[in-house]
Peer 1: 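Have a look at this one before I ask anything.
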Amino acid sequence: MADLDLVIQGGTVVTAEGARRCDVGIREGKIAALGDALPRAARTVDASSKLVLPGGIDAHCHIAQTSSAGIDTADDFETGTRSAACGGTTTIVPFAAQHRGQSLRDVVAAYHERARGKALVDYAFHLIVSDPSPSVLEEDLPALVAQGCTSLKVYMTYDSLRLDDGQLLEVLAAARRLGAMVMVHAENHDLIVWQTRQLLSAGCSSPRFHALAHSAAAENEATHRAVALAEAAEVPLLVVHVSSPDAAEHIRRARVRGVRIHGETCPQYLFLTADDMDRPGFEGAKFMCSPPPRDIEAQDGLWSRLQDGTLEVFSSDHAPYRYDDTRGKKLFGENASFDKIPNGVPGIELRMPLLFSAGVHEDRITIEQFVALTATNPARLYGLFPRKGVIAIGSDADLAIWDPEREVEITQSILHDNMDYTPYEGLRVHGWPIVAISRGDIVCDEDGVHAAPGRGSFLPRSPA
Ligand code: URP
Ligand code: ZN
Ligand code: ZN
């Protein structure tokens, strides 16, 4: 047997199926051996009393993305992947976002340029389809799926992005032909517009009213409709950033009927509430995203749906807009009404530590469920499995070594993104990733970040 390049020694190796003490041997970027007393390697990392997990896959993050208001997210592929890796995530799937009138193929080419020479870990692209013209559906989409962009997101709200039901059905039918996974942002647009108008005309314009404008009813109705349309079109659908248990219930019921509907939730819906937007002055803008965080009861309901497997994917929806920045949350100034404030919260680095702490450490989910939610399920659903998302012979050596006992108080200065705040400031977590390995390279450890920008590669994906 040729020599191993790296051995991770003495850790507890966890997959979605189970955990066992063994060494992990790595050769040429792949997992080459699993067992006890592996032969010597050029390099050894001691993982005794630590957990060795598949590197996380963050399948919903906005990196170097231009919003419809014309501003870019604060993180590019360098800072975004650096922050991801320091949080135990070794693959990201951000978006190539089409604005109306653009060729989808040109959009993807432009996002490849944005990523070139920058990423520290591997990445793929979901497409955002805002203009499903015949040429997009019949020419661009087949070409892009063949190039490995096998998933796409559609919006039911936002003036500049939303599709009507007829367009949604056209996209679903195209996805069915091509074997692509459709992700949906499900909120009822007209209800949001109507509620926003009512609130603004009553003088209710501060950030906290965002939660009332984007009500759970709007999410509930649109989720039900999206599920019904996907069921009619006989095509799988993944409902992203589920914030309310009522919306999750539509997914659960569909699955009981045998319909392939999948669900994702995110840290902001487990760790924040609408009250966070009710801070003095403009401060509440730091917590604004769509759908918005709800309440403690909703948090409990979502935990139940994570426990029972209804929600299969846990992503960050990292949508970083700096707080004290006129190209960020203050795009229209500190007195802007809530409907003008850029939506989104950061979370690419804290996604896994937050779930580990409140989920595994506090006994809400098992360590195997944690691995499934953060790595294996997104790998399976988005066509990356078994290259990514699992510790198995032949898979990429993408690993994170976790200290399950490390306690960390979260503060922005310990993070590696390009933000000026974290919505989780002051929260204490138990359990922390101390080493991230991508295709056998140590990207970061307790001595710092070692990978150079540009070492990460684009991942063409197969249909799920
Ligand atoms: O508020 C959010 N989530 N902003 C990012 C865009 C999206 O809808 O995912
Ligand atoms: Zn969305
Ligand atoms: Zn998003």
Side-chain angles (χ1 to χ4, degrees), residues 60-75 95 97 99 128 130 155-162 185-216 218-219 222 240-241 243-244 266-269 271-295 316-348 412 417-425:
H60 185 162
C61 49
H62 302 268
I63 303 294
Q65 188 179 321
T66 308
S67 79
S68 44
I71 53 168
D72 285 356
T73 52
D75 282 306
F95 296 88
H99 296 290
I128 286 177
S130 64
Y155 286 78
M156 298 171 80
T157 188
Y158 295 128
D159 278 321
S160 56
L161 294 170
R162 77 191 186 100
H185 178 128
E187 290 186 284
N188 180 305
H189 182 72
D190 290 330
L191 183 50
I192 292 168
V193 168
W194 182 76
Q195 286 177 312
T196 300
R197 206 182 307 128
Q198 306 278 317
L199 287 161
L200 294 181
S201 63
C204 302
S205 66
S206 64
R208 76 188 175 99
F209 294 106
H210 173 73
L212 301 184
H214 288 248
S215 61
E219 183 185 9
V240 294
H241 46 47
S243 76
S244 88
C266 315
Q268 46 272 37
Y269 307 119
F271 297 90
L272 304 176
T273 69
D275 288 345
D276 286 304
M277 282 172 273
D278 192 8
R279 302 210 181 186
F282 193 64
E283 193 84 9
K286 290 180 177 174
F287 307 88
M288 283 178 63
C289 55
S290 292
R294 309 284 181 198
D295 54 25
S316 68
D317 194 8
H318 183 74
Y321 295 105
R322 292 165 67 92
Y323 176 65
D324 200 9
D325 196 326
T326 54
R327 303 293 290 166
K329 293 282 182 186
K330 297 186 180 171
L331 179 63
F332 293 102
E334 287 206 29
N335 296 315
S337 56
F338 66 80
D339 57 320
K340 298 282 187 291
I341 299 170
N343 269 214
V345 293
I348 203 165
Q412 178 56 27
D417 58 15
N418 189 33
M419 288 294 288
D420 60 353
Y421 81 95
T422 166
Y424 309 105
E425 186 72 34

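For the numbers below, each heavy atom of this structure counts, side chains included, while hydrogens, waters and symmetry mates do not.
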Peer 1: Among Pro291, Pro292, Cys289, which residue satisfies the side chain to side chain contact (heavy atoms under 4.5 Å, CB included) criterion with His214?
Peer 2: Pro292
Peer 1: Taking all heavy atoms of Gly328 and all of Pro342, pick out the closest pair and write down the distance.
Peer 2: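 In this case the closest contact between Gly328 and Pro342 is O-CG, 3.2 Å.
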Peer 1: Does the side chain of Phe271 come within less than 4.5 Å of Pro293's, by heavy atoms?
Peer 2: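 A side-chain contact under 4.5 Å is absent here.
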Peer 1: Would you name the heavy atoms of Cys61 and Ser316 that are closest together and state the gap between them?
Peer 2: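 Looking at all heavy atoms of both residues, the closest pair is CB-OG, 4.0 Å.
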Peer 1: Nearest 0.5 Å, please: how far is CD1 in Ile192 from CG in Leu199?
Peer 2: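 With rounding to 0.5 Å, CG (Leu199) is 12.0 Å from CD1 (Ile192).
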Peer 1: Roughly how far apart are Asp317 CG and Ile348 CD1, rounded to 0.5 Å?
Peer 2: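 It comes to 10.5 Å.
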Peer 1: Does Lys340 use its side chain to pair, donor to acceptor, with the backbone of Phe332 at less than 3.5 Å?
Peer 2: no
Peer 1: Counting only heavy atoms from other residues, nucleotides and ligands, does the tally under 6.0 Å from CG of Asp295 exceed 12?
Peer 2: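 Atom CG in Asp295 is packed in, count exceeds 12.
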Peer 1: Measure from the side-chain N and O atoms of Tyr155 to the backbone N and O of Ile128, and report whether any donor-acceptor pair falls under 3.5 Å.
Peer 2: no
Peer 1: Without swapping roles, check the side chain of Tyr424 against the backbone of Leu272 for a donor-acceptor pair under 3.5 Å.
Peer 2: no
Peer 1: Is any side-chain heavy atom of Tyr321 less than 4.5 Å from a side-chain heavy atom of Ile341?
Peer 2: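 They are not in side-chain contact.
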Peer 1: For Ser68, what residues pass the side-chain contact (heavy atoms from CB on, under 4.5 Å) criterion, not counting sequence neighbours?
Peer 2: His99, Ser160
Peer 1: Please name the residue in the list Cys204, Ser206, Ser205 that meets the side chain to side chain contact (heavy atoms under 4.5 Å, CB included) test with Ser337.
Peer 2: Ser205
Peer 1: Main chain of Gln412, side chain of Glu425: is a donor-acceptor contact present, judged purely on distance under 3.5 Å?
Peer 2: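 A pair under 3.5 Å: yes.
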Peer 1: For the backbone of Arg208 and the side chain of Asp278, can you confirm whether one donor and one acceptor N or O come within less than 3.5 Å of each other?
Peer 2: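 Between the backbone of Arg208 and the side chain of Asp278 there is no qualifying donor-acceptor contact (under 3.5 Å).
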Peer 1: Would you name the heavy atoms of Gln195 and Ala213 that are closest together and state the gap between them?
Peer 2: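 Heavy-atom minimum between the residues: OE1-O, 3.1 Å.
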Peer 1: Determine whether Asp324 and Lys330 make a side-chain contact, defined as any pair of heavy atoms from C-beta on separated by less than 4.5 Å.
Peer 2: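 Yes. Closest side-chain heavy atoms under 4.5 Å.
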Peer 1: For Tyr323 versus Tyr421, what's the shortest heavy-atom pair and its separation?
Peer 2: CB-CD2, 3.7 Å
Peer 1: Could you tell me whether a side-chain N or O of Lys286 sits under 3.5 Å from a main-chain N or O of Val345, the two making a donor and an acceptor?
Peer 2: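 Not at all, since once roles are kept as given, no pair shorter than 3.5 Å links the two residues.
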Peer 1: Is the backbone of Gln65 close enough, under 3.5 Å, to the side chain of Thr73 for a donor and an acceptor to pair up by distance?
Peer 2: yes
Peer 1: Quick one: do Ser244 and Arg294 satisfy side chain to side chain donor-acceptor pair (under 3.5 Å)? Show the steps, please.
Peer 2: CA-CA 7 Å; Ser244 88; Arg294 309 284 181 198; 5.2 Å; no
Peer 1: Working to the nearest 0.5 Å, report the span between CG of Leu331 and OG1 of Thr326.
Peer 2: 7.5 Å
Peer 1: Knowing that exactly one of Glu219, His189, His185 qualifies, which makes a side chain to side chain donor-acceptor pair (under 3.5 Å) with Thr157?
Peer 2: His189
Peer 1: Could you give the distance from CZ (Phe287) to NZ (Lys329), rounded to the nearest 0.5 Å?
Peer 2: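 That separation rounds to 10.0 Å.
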Peer 1: Classify the ring geometry between Phe209 and Phe338 as parallel (under 30°), tilted (30 to 60°) or perpendicular (over 60°).
Peer 2: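 Taking Phe338 first and then Phe209, their aromatic rings sit tilted (interplane angle of 30° to 60°).
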Peer 1: What's the shortest heavy-atom distance between Asn188 and Ala222, and which atoms?
Peer 2: N-CB, 3.5 Å
Peer 1: Have Asp339 and Thr196 got a donor and an acceptor in their side chains that come within less than 3.5 Å?
Peer 2: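 Note: Asp339 and Thr196 side chains miss the donor-acceptor criterion.
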Peer 1: I'd like to know if the side chain of Asn418 reaches the main chain of Ala74, judged simply by a donor and an acceptor atom lying under 3.5 Å from each other, with no hydrogens or angles considered.
Peer 2: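 Yes; at least one donor-acceptor contact below 3.5 Å.
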Peer 1: So, the side chain of Arg327 versus the backbone of Arg322: is there a donor-acceptor pair under 3.5 Å, distance only?
Peer 2: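 Not at all, since once roles are kept as given, no pair shorter than 3.5 Å links the two residues.
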Peer 1: Would you indicate whether the side-chain heavy atoms of Ser243 and Gln268 approach each other to under 4.5 Å?
Peer 2: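 A side-chain contact is absent here, since even the closest heavy-atom pair is not under 4.5 Å.
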Peer 1: Once salt bridge (Lys or Arg N to Asp or Glu O under 4.0 Å) is applied, what residue pairs with a partner in residues 185-201 remain, sequence neighbours excluded?
Peer 2: none
Peer 1: Under the criterion side-chain contact (heavy atoms from CB on, under 4.5 Å), I'd like the reasoning laid out for Asn343 against His210: C-alpha separation, chi angles, the key distance, then a yes or no.
Peer 2: CA-CA 10 Å; Asn343 269 214; His210 173 73; 3.5 Å; yes
Peer 1: Ignoring hydrogens and angles, state whether a donor on the side chain of Asp75 or His62 is under 3.5 Å from an acceptor on the partner side chain.
Peer 2: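 Absent: no donor and acceptor within the cut-off.
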